[in-house]
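Structure first, commentary second.
Throughout, residue positions are numbered sequentially from 1 according to the sequence presented. Remember, it's 1-based here, ligands and their atoms both numbered in the order they're listed.
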Amino acid sequence: MNNYKVLKILATKQNVFVRYKCSQRKILPKDRALEHFDEFYLQVFGNKWSSVRQGLLGKQKYVAVINNYSDTEQVISTLENCGALNMRALFNVRKQNLQENYDVLKRDRYLRKIWKLEKELDKSVNSVNEHSEEETKFNEQFDKYKMLSLNYKLNHANYDDSRYIDCTAGLSANTLQEFIPATQIKGKDKDYVLESEYYEYCKEDGDFNIPVEKEYDLNFPEHLNVYCFPEGSGNKFTQPRKGSTGVHNYYILDGGSVLPVLALDIRPGNTIMDLCASPGGKSFIALQTLYPDCVVSNDISKSRTDRIYKVLGEYFYDLEERWLKTKRIKVTQNDGRLISGEYYDRVLVDVPCTTDRHSVKENDNNIFKSTRLKERLKLPEFQTELLVSALKMVKKGGIVVYSTCSLSPVQNDGVVYMALQELWEDSNMEFVVKNLNFALAQTQDVFKLADANIFRYGNVVLPSTHQNYGPTYFCKIQRIK
Ligand SMILES: C[S@@+](CC[C@H](N)C(=O)[O-])C[C@H]1O[C@@H](n2cnc3c(N)ncnc32)[C@H](O)[C@@H]1O
């Protein structure tokens, strides 16, 4: 074989090798994320997953939170002329309907009881089993009321019970297996393992149960004005603009972000810690209730706290003199896990998570990059540390809201469970988780929430093609001792 031929064969081989390498599919982080979610979330959400998936991949929907320090009335009337609706008004209409439905249902149950009693007493009736026209009509009407929303029905079942319900079973090793599906993860130096095993959530739970208390109302502060476009509307808010007062007119953010702040139930004079605050959207909402005496917006890094200063500077005129010097707003740069000796009425802990919507759409800064595997697997542990820290800094009677923008039961209820278990073992503090299913029934014209049986402690705003907010998980926890 002459040299020319050898070179040619080598070149061909190399070419084949290069082509072989090219044909090996490079998995992009967003594809890996979707693959993971398809496997994991299908088991959690069942046949709802395909619509949630479509939502995640579709266009996210935003709401506008009005800046009370701008030309408020003019801004509101402009938005209303464009077809935007006030979220508080939507909640109130639904709340009123629910109350009316409940009253009718209550009245009819009462009537039914009387009617039965009368039947029993009426000896002249030929057969008690024979349905009169009146009875059939009544039953038809009764059935109609039974068709009320799922949330309403679910909660109504216990409506007359004591507000304190028995401690739920907690996440024992077995129950955890039930709701944390056994998806598999390949670790760098490990074979495939169960996701639940990886996070070591299967350890024995001892006697620990989380007390859960039902909550019947969601307080929407009177000065907080949030505007949204109706379900199915393709309208969008234009970019915020400066008005005559020198500050921006509204802040645009995912609609789901409003619920964790509402769940905080902020009251006049409250002191609030927003532990993972950047860019500051939820601190902004808290401030727009006009209730807090002080909001501390904390984040871990300089660049992230700079971002908070920038955002707040756009919305609060003379931020330095009027807000920072008077300590109505504090911007701090601390690792939220290490803060101690500070106590607040309300603590919001909106932790870093798998940011599911971002993860299936963008490759940049994606936690599903193979180089970030360890970080991803450590997330629940990290989130638990942040929540434990938040729970330690809330005053007795105060409220902590834990939130994520992930659908993962491990990062959501799993973390709530782990944090509360840790404090149950290591401190004499006591907490109760607030079941918001009933209270959230009033939000059903605005948000698609996951069925009440999917998450045990918190609630999730589910993305969908018609109402594409979220995902937002939030869990309300009150310190009682
Ligand atoms: C989901 S984002 C918060 C979004 C924010 N709450 C909002 O609504 O605009 C999570 C934030 O947590 C911050 N963070 C990460 N680790 C932290 C830590 N140990 N302590 C405090 N903040 C942390 C990140 O820098 C990031 O800004």
Side-chain angles (χ1 to χ4, degrees), residues 60 62-65 67 224 226 240 248 250-264 266 272-289 295-316 329-340 342 344 346-359 362 365-367 372 375-376 378-393 400-408 411-412 415 419 458 460-461 469-475:
Q60 186 174 12
Y62 296 93
V63 297
V65 181
N67 184 5
L224 178 64
V226 182
H248 281 74
Y250 49 70
Y251 187 93
I252 298 178
L253 78 181
D254 184 297
S257 300
V258 177
L259 289 180
V261 186
L262 292 183
L264 273 179
I266 299 171
I272 300 173
M273 163 59 91
D274 185 357
L275 202 58
C276 304
S278 185
K282 295 189 183 71
S283 291
F284 175 77
I285 303 176
L287 284 158
Q288 290 303 325
T289 63
V295 173
V296 181
S297 300
N298 177 71
D299 210 277
I300 192 165
S301 72
K302 165 102 173 57
S303 63
R304 299 291 289 169
T305 46
D306 284 350
R307 181 114 170 77
I308 302 176
Y309 279 119
K310 183 177 177 299
V311 168
L312 296 181
E314 286 168 351
Y315 289 87
F316 295 91
I329 299 179
K330 279 191 208 168
V331 181
T332 58
Q333 186 200 325
N334 290 309
D335 182 335
R337 296 169 298 174
L338 306 177
I339 299 172
S340 64
E342 295 179 24
Y344 300 90
R346 302 287 186 264
V347 183
L348 177 65
V349 53
D350 184 33
V351 294
C353 64
T354 44
T355 52
D356 295 358
R357 192 184 280 276
H358 176 88
S359 292
E362 308 286 339
N365 194 21
N366 190 316
I367 196 152
R372 295 182 69 184
E375 185 190 343
R376 177 157 67 86
K378 279 217 165 277
L379 262 180
E381 209 179 303
F382 182 58
Q383 293 161 335
T384 305
E385 286 171 9
L386 280 164
L387 178 54
V388 165
S389 175
L391 292 165
K392 282 182 180 168
M393 63 178 83
V400 172
V401 171
Y402 171 76
S403 64
T404 74
C405 47
S406 166
L407 294 163
S408 157
Q411 295 174 58
N412 295 336
V415 166
V460 179
V461 175
Y469 299 126
T472 308
Y473 169 90
F474 56 104
C475 179

Decide whether the shortest distance between a heavy atom of Phe382 and an atom of ligand 1 is less than 4.0 Å.
yes

Measuring from the heavy atoms of Pro352, does anything fall under 4.0 Å of ligand 1?
yes

If we ignore hydrogens and angles and just use 3.5 Å, is the side chain of Asn67 paired with the main-chain N or O of Tyr251 as donor and acceptor?
no

Look at the side chain of Arg357 and the backbone N and O of Gly470, then say whether any donor-acceptor pair between them is shorter than 3.5 Å.
yes

Should the pair Asp306-Lys302 be classified as a salt bridge under the 4.0 Å nitrogen-to-oxygen rule?
yes

Give the single entry among Ser403, Gly281, Cys405, Ala277 that approaches atom 5 (C) of ligand 1 most closely by any heavy atom.
Ala277

Taking C-beta and beyond as the side chain, do Val63 and Leu253 meet within less than 4.5 Å on heavy atoms?
yes

Please state which protein non-hydrogen atom is closest to [atom] and give its distance, to 0.1 Å?
atom                    : value
atom 25 (O) of ligand 1 : Asp299 OD1, 2.6 Å
atom 19 (N) of ligand 1 : Asp335 OD1, 2.8 Å
atom 12 (O) of ligand 1 : Cys276 CB, 3.2 Å
atom 2 (S) of ligand 1  : Ser278 O, 3.8 Å
atom 22 (N) of ligand 1 : Ile300 N, 3.5 Å
atom 20 (N) of ligand 1 : Gly336 N, 2.8 Å
atom 6 (N) of ligand 1  : Asp350 OD2, 2.7 Å

Is the contact between [X] and ligand 1 made by the side chain, the backbone, both, or neither, using heavy atoms and a 4.0 Å cut-off?
X      : value
Val351 : backbone
Asn334 : backbone
Arg304 : side chain
Leu275 : backbone

Got a sec, which residues hit side-chain hydrogen bond (donor to acceptor under 3.5 Å, both in side chains) with Thr472, two or more places apart in sequence or on another chain?
none

All side-chain hydrogen bond (donor to acceptor under 3.5 Å, both in side chains) counterparts of Asp254, not counting sequence neighbours:
Gln60

Are a donor atom and an acceptor atom from the side chains of Asp350 and Ser403 found within less than 3.5 Å of each other?
yes

State whether the shortest distance between N or O atoms of [X] and N or O atoms of ligand 1 falls below 3.5 angstrom.
X      : value
Leu386 : no
Ser301 : no
Lys282 : yes

[X] versus [Y], closest heavy-atom pair with distance:
X      : Y      : result
Leu386 : Leu275 : O-CD2, 3.7 Å
Ala277 : Ile308 : CB-CD1, 3.9 Å
Ser301 : Arg304 : OG-CG, 2.8 Å

